[in-house]
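Just below is one structure, and these are the notes that go with it.
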Amino acid sequence: MNPVREVFGGFGVLLRGLAIVLRRPRLFLLGALPALITSLLFLAALVTLAVNLTDLVAWATPFAREWDTVWQGLLRGALSVGLLAGAVLVMVVAFTTVTLGLGAPIYDKIAELVEQELGGAPEAPEESLAAGLVRSIRQSVGIVLVSLLVTAGAFLLGLIPLVGWMIGPVLTAVMGGWLLGVELTASAFDRRGLLLVRDRRRFMGTRRWRVLGFAVPTYFLLAIPFVAVAVFPAATAGGTILARELLPATPQGSQPPQDPRTPPHPHSPPPEQPQGPQGAPQPPGHP
């Protein structure tokens, strides 16, 4: 597949999601409300970090106090950029997690609306509310922890002279977009019985450029606090559309899609032999 076409196609998924939710203004406004609440909370945290960033970096690099002013400025500047980029990554991922949890009924309704409009969605598998809640919390905590590791990596990359301030933000944007894609496609995957994070990663890996084309612009838009309020409902709808594009079509009542590399179940029945005109099995090579 052409990577450029896939990237633009991924961005088109976000625009399609926006078009769907804008046709339902009431649902769009309801979807923006949880994002507004979490935006105010995370904006306050981000401003607090930005105000204290210089002191925090100076505290973390006492060894550079006696350095030449130029080298000290380069090091601490790179670390400041890396730390800020990493903090934005954690906040965007955590913002998505908290907002999806806070407005779960609304975003489930948006995902269901997309499924109904595009058609062909299977019935959601039966799962108790408690089991689903525990699974969702466990997966979200895991994703946030991964984002913290990426933040630590971005901070360490900031130690690389001259290029550290470029590598760190690029890494956080790509990884942040990928983790965001894992979060936003969850509803559609769950509906098809693919309940594990590794299921989402497996299918996302088949069209990485398309996923990044959707997720990285979404990541940057969600990093802008009040823009995120309007973007989040569209991102939820776009995540459902993206998941449908990654997954093979599943007819009603059929089993969820499986990885072609997965061996058949040991208790699955053997394949049927070809039948002759009278229903008797035909030997191999029979015309």
Side-chain angles (χ1 to χ4, degrees), residues 13-39 41-42 92-144 179-201 203-204 211 214-215 218-219 221-222 228-247 249-250 252-253 256-257:
V13 166
L14 178 61
L15 298 181
R16 289 168 62 194
L18 179 63
I20 288 176
V21 295
L22 285 180
R23 291 200 294 269
R24 282 83 175 177
R26 183 172 176 273
L27 189 61
F28 174 76
L29 291 174
L30 285 174
L33 185 58
L36 175 61
I37 296 171
T38 47
S39 285
L41 295 174
F42 281 89
V92 170
V93 173
F95 166 83
T96 303
T97 300
V98 173
T99 305
L100 285 174
L102 187 63
I106 301 170
Y107 300 122
D108 286 344
K109 183 65 177 177
I110 291 175
E112 183 180 340
L113 175 69
V114 173
E115 296 278 19
Q116 290 174 350
E117 181 159 323
L118 300 181
E123 291 294 330
E126 293 185 5
E127 185 180 28
S128 69
L129 179 61
L133 184 61
V134 169
R135 176 177 56 80
S136 178
I137 291 174
R138 185 177 67 248
Q139 291 177 351
S140 296
V141 169
I143 290 172
V144 172
L179 294 172
L180 202 62
V182 172
E183 288 268 62
L184 292 173
T185 56
S187 179
F189 276 90
D190 290 351
R191 179 179 289 274
R192 289 158 177 81
L194 298 166
L195 305 178
L196 303 178
V197 171
R198 68 169 173 263
D199 294 326
R200 287 174 246 164
R201 292 203 316 263
F203 284 98
M204 288 168 63
V211 172
F214 163 76
T218 303
Y219 168 82
L221 291 171
L222 292 182
V229 174
V231 169
F232 202 86
T236 305
T240 303
I241 297 171
L242 178 65
R244 290 173 60 96
E245 293 183 350
L246 299 176
L247 290 161
T250 306
Q252 293 285 347

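Predicted model only: the values in this text are computed from it and were never measured.
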Heavy-atom side-chain contact between [X] and [Y] under 4.5 Å:
X      : Y      : result
Glu245 : Ile241 : yes
Leu14  : Leu221 : yes
Phe214 : Leu184 : yes

At what distance, to the nearest 0.5 angstrom, does [atom1] of [X] lie from [atom2] of [Y]?
X      : Y      : atom1 : atom2 : answer
Leu247 : Met204 : CG    : CE    : 11.5 Å
Leu41  : Thr99  : CG    : OG1   : 9.0 Å
Ile20  : Leu15  : CD1   : CG    : 11.5 Å
Ser136 : Glu183 : OG    : CD    : 7.5 Å
Arg201 : Leu179 : CZ    : CG    : 10.0 Å
Phe42  : Leu222 : CZ    : CG    : 11.5 Å

Check: [X] side chain, [Y] main-chain N or O, donor-acceptor pair, under 3.5 Å:
X      : Y      : result
Gln139 : Leu195 : yes
Arg244 : Thr240 : no
Tyr107 : Gly31  : yes
Arg24  : Ile110 : no
Ser140 : Ile137 : no

Aromatic plane relationship, Phe189 with Phe203 - under 30° parallel, 30 to 60° tilted, over 60° perpendicular: tilted
Which atom names give the shortest non-hydrogen contact between [X] and [Y], and what distance separates them?
X      : Y      : value
Thr185 : Gly239 : CG2-O, 3.5 Å
Pro233 : Ala32  : CG-N, 3.7 Å
Phe28  : Val21  : CB-O, 3.5 Å
Leu180 : Ala215 : CD2-O, 4.0 Å
Ser187 : Asp108 : OG-OD1, 4.3 Å
Leu30  : Pro34  : O-CD, 3.0 Å

From CA spacing to verdict: side-chain contact (heavy atoms from CB on, under 4.5 Å), Leu246, Val211: CA-CA 9 Å; Leu246 299 176; Val211 172; 4.1 Å; yes
Presence of salt bridge, Asp199 and Arg192, under 4.0 angstrom: no
